[in-house]
There are 2 protein chains.
Amino acid sequence: MKKVTMDDVARHSNVSKSTVSQYLNKRYDYMGVDTKRRIESAINELGYRPNFVARSLKQKRTSTIGVIIANILHSFSTKIVRAIEDVCNENDFHVIICNADDDPAKERKYINMLRSKQVDGIIVFPTGGNMELYQSMVSEKFPLIFVDRMLDELTVDTVLLDNQEAAYIAVEHFLNLGHTRIGVITSSLIHKITPRVERIEGYKKALSENGVPIKDEYIKGLKVEDMKQGLREMFTSDEPPTAILACNDLSLIEVLNYVKENGLSIPDELALIGIDDDPFANIFSPPLTTVSQPVFEMGKKAAELLLEKIKNAEREGIVQIYRFPPSLIVRRST
Amino acid sequence: MKKVTMDDVARHSNVSKSTVSQYLNKRYDYMGVDTKRRIESAINELGYRPNFVARSLKQKRTSTIGVIIANILHSFSTKIVRAIEDVCNENDFHVIICNADDDPAKERKYINMLRSKQVDGIIVFPTGGNMELYQSMVSEKFPLIFVDRMLDELTVDTVLLDNQEAAYIAVEHFLNLGHTRIGVITSSLIHKITPRVERIEGYKKALSENGVPIKDEYIKGLKVEDMKQGLREMFTSDEPPTAILACNDLSLIEVLNYVKENGLSIPDELALIGIDDDPFANIFSPPLTTVSQPVFEMGKKAAELLLEKIKNAEREGIVQIYRFPPSLIVRRST
DNA sequence: CTGAAAGCGCTTACAG
DNA sequence: CTGAAAGCGCTTACAG
């Protein structure tokens, strides 16, 4: 099964490769009608399919982008990827997916491989562990967009949620309902992952603006395996919280497990809000009040920004942080 | 910012491009220690990164595969993708993701684009709507693997669940608990999507083998928007089912909604089993009995089969159907 | 309106 | 042990 190339098409239609190439690139300006027809039928007869690798080599672009996410098993990543893929498809771009699993070494390997493959740009949920590498891409003006996390020492266009606001509106809702003993739980804070840190900030801000004292016992930033214990501490204290904000899916599940195991009733004994509007929130009993992010819009924006950068590689854009507004979806857990 | 090429490295280290290439491909056999060192330091100094596009053109392989799934928002697809990506990463392959959304036109476009990009192989959840195209890939011996769905007119290696068994063990469990009025609901059957059809077959087989008559009123293959109505019909009949098997996530959610709206209690008034062990099944109240598939193993197998095929392009392998065993996870909804 | 030629950045027989 | 040369399949300025 010999591969058919442009040369075969040229021979078959008695023109030169140049002309075939013009045809393929729809530069018909000066092309004879007959030539056009001959090429067309040769292509069909031979079942010719252009080789994009050869074209890419010559044109120095691949119409392919890379996306490095934390983990595609997280519903947030999945939705972002889907939105990116849709935008890329409309623009005849392809997307290569990589799971860095929050591991800087894996992230570095992927970035290097993607660049070796000559992708035209990269969208990354940065681990934060490869500052020099990010920096070098910035200096080279390689098209790069960050999603979900901000690295403030770096000037990279970034798309993320207004995390502070997300926690703020949740806590405000609790306060309006009369709660003052409000707990918050999220994943480990030691790596200063943007959304976690900012959500805690928003939580504190809402409390202090409303004159409610901040108690450290109510604030838990823990690894998943320690959450159960953390919750126990919080709930067995003298003044257990009457409301709790779960800052992401993982901690929400831990809270729900704790609630079930200890037979607490929602919302009577404990009011609950989760950030990240997972599908199951709505079919849970009772349906859960959540703060949702406009995930598809965020993914779309990231893709559009990247494609824009790729088109205007040279243009000296102003680096921007794109904050998306969260929204409170009140259901029956508050 | 001029890109540094192999030529630059060669000049910088006073050797020819050939030698640099040998170095990069670790063919050190006859290479002088000093030469090696010079090349090495030139690469580091210049920050040289090989261009895989050029290499691919010459070598006629890209170390990239394409994966065409129905929709990455489905948790089954996501897990398969993740498993594939892991296997590929270990083998230094990249994966391009495409969502065909069960649309044969989209599928066709993607297959053609992927082949133009010279991917080394494709894994696809076939829509079933492009038989000639699949057939032509088979004839060309282009590495191809099907996942989740079987097209029996075609000889393509396929990885899928033993769907019949999945429904069978669920129904058997119901029967053992004394149920005889057992309903089943799944998505539309008109396109003869393998898992749907086979699960209904398994359902029927379990009933007839146990001497329970099959009633068409208990069998619903419907589009999502019609499911609510279908459930109403089933439950308002003279002899409403006391147990129901939801063949996929979508129908499970519809059943749960119906249950909630009509205040049915699970499992007392209705026993329920879902196929596809979605994470929420376990935190639902009550936790749901499900039939789970070994999704990661399936994705892993698909990737391994494809890579194997790519390595031994010429070997005339026997086409196989790989069936994976489901398992019943008994929780509290039965 | 169309073609000859150079070149994209590699790899790979082959020669020495 | 290393290099000169050809070639992978395209595109693109340029000539005519």
Side-chain angles (χ1 to χ4, degrees), chain A residues 1-40 42-43 46-64 92 112-113 115-120, chain B residues 1-40 42-43 46-64 92 112-113 115-120:
Chain A
M1 199 71 187
K2 191 67 194 58
K3 266 236 160 101
V4 8
T5 75
M6 180 174 275
D7 217 23
D8 301 321
V9 177
R11 249 196 301 272
H12 213 80
S13 43
N14 278 311
V15 296
S16 72
K17 285 191 299 173
S18 321
T19 307
V20 177
S21 178
Q22 307 287 9
Y23 173 86
L24 288 173
N25 291 292
K26 305 200 198 304
R27 279 194 270 279
Y28 303 132
D29 311 4
Y30 300 102
M31 195 171 295
V33 197
D34 186 54
T35 312
K36 205 159 142 183
R37 237 185 330 246
R38 284 210 312 281
I39 297 176
E40 201 172 338
I43 288 177
L46 300 173
Y48 170 66
R49 179 190 299 119
N51 181 329
F52 282 6
V53 172
R55 165 188 293 184
S56 295
L57 177 59
K58 183 66 190 175
Q59 291 190 154
K60 293 168 177 311
R61 52 194 164 77
T62 52
S63 299
T64 302
D92 286 323
N112 286 326
M113 280 194 65
R115 299 211 54 194
S116 274
K117 288 216 169 159
Q118 312 299 118
V119 296
D120 296 333
Chain B
M1 201 71 188
K2 190 68 195 57
K3 263 226 161 110
V4 7
T5 77
M6 182 175 272
D7 215 25
D8 300 322
V9 177
R11 248 198 301 274
H12 213 80
S13 43
N14 278 312
V15 296
S16 72
K17 284 191 299 174
S18 322
T19 308
V20 177
S21 177
Q22 308 285 11
Y23 172 87
L24 288 172
N25 291 292
K26 306 205 197 304
R27 279 195 270 278
Y28 302 133
D29 310 5
Y30 300 102
M31 196 171 296
V33 198
D34 187 51
T35 312
K36 204 160 142 183
R37 232 182 337 241
R38 283 210 312 281
I39 297 176
E40 200 173 337
I43 288 177
L46 300 173
Y48 170 66
R49 179 189 300 120
N51 181 330
F52 282 6
V53 172
R55 164 188 295 185
S56 295
L57 178 59
K58 183 68 191 173
Q59 292 190 151
K60 294 167 175 312
R61 50 192 166 79
T62 53
S63 298
T64 303
D92 287 323
N112 286 327
M113 279 195 63
R115 299 210 53 195
S116 273
K117 286 215 168 159
Q118 314 298 117
V119 295
D120 297 333

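In this text, all values refer to a predicted model and were calculated from it rather than measured experimentally. Scope of the values below: all heavy atoms of this structure, side chains included, with no hydrogens, waters or symmetry mates. First the proteins, then the strands, lettered A, B, ... as listed; each starts at 1.
With D:dT11, C:dC8, D:dC10 as the choices, the nucleotide that has an atom nearest any side-chain atom of A:Thr5 turns out to be D:dC10. In the set D:dA4, C:dC8, D:dG9, the nucleotide with an atom closest to the side chain of B:Ser18 is D:dA4. The side chain of A:Thr35 lies closest to C:dC1, out of C:dG9, C:dC1, C:dC10. Taking the side chain of A:Ser21 as heavy atoms from C-beta on, and the options C:dG9, D:dT11, C:dT12, the nearest nucleotide is D:dT11.
Side chains of A:Lys117 and B:Thr64: a donor on one and an acceptor on the other come within 3.5 Å.
Rounded to a whole Å, the CZ atom of A:Arg38 is 11 Å from the C1' atom of C:dT2. For B:Gln22 and C:dC14, the CD to C1' distance is 12 Å, given to the nearest whole Å. Following rounding to the nearest Å, A:Lys117 (NZ) and C:dC10 (P) show an atom-to-atom distance of 15 Å. Per the geometry, CG belonging to B:Asp7 stands 14 Å off P belonging to D:dA5, to the nearest Å. Atom-to-atom, CG of B:Asp8 to P of C:dC8 comes out at 11 Å; the value is rounded to the nearest Å. Rounded to a whole Å, the NZ atom of A:Lys17 is 24 Å from the P atom of C:dC1. For the pair A:Arg55 CZ and C:dC10 P, the interatomic distance rounds to 21 Å; values are reported in whole Å. Taking atom CG of residue B:Leu57 and atom P of nucleotide D:dA6, one finds them 18 Å apart after rounding to whole Å.
Between A:Thr19 and the phosphate of C:dG3, there is a side-chain N or O to OP1/OP2 separation shorter than 4.0 Å. The phosphate of C:dG9 has neither OP1 nor OP2 within less than 4.0 Å of any side-chain N or O from A:Gln118. Side-chain N/O atoms of A:Tyr23 include none lying less than 4.0 angstrom from OP1 or OP2 on D:dT11. At D:dG3, one or more side-chain N or O atoms of B:Ser16 fall inside 4.0 Å of OP1 or OP2 (strictly under the cut-off).
What you find for B:Ser63 and B:Asp92 is that their closest heavy atoms are CB-O, 3.8 Å. Considering all non-hydrogen atoms of both residues, A:Asn51 and A:Val53 come closest at OD1-N, 2.7 Å.
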Given Watson-Crick and G-U pairs under 3.5 Å, DNA chain D in dot-bracket ([ ] crossing, | other strand) is |||.||||||||.|||
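Here the side chains of B:Tyr23 and B:Val9 are not in contact, with every heavy-atom distance at 4.5 Å or above. With a 4.5 Å cut-off on side-chain heavy atoms, A:Tyr48 and A:Met6 count as touching.
Here A:Ser21 contributes atom OG and A:Ile39 contributes atom CD1; the two are 10.0 Å apart, rounded to the nearest 0.5 Å.
For A:Lys58 and C:dG7, a side-chain-to-base donor-acceptor distance below 3.5 Å is present, hydrogens and geometry of angles not being considered.
Under the 3.5 Å distance criterion, the side-chain polar atoms of B:Ser116 are matched with a main-chain donor or acceptor of A:Pro50.
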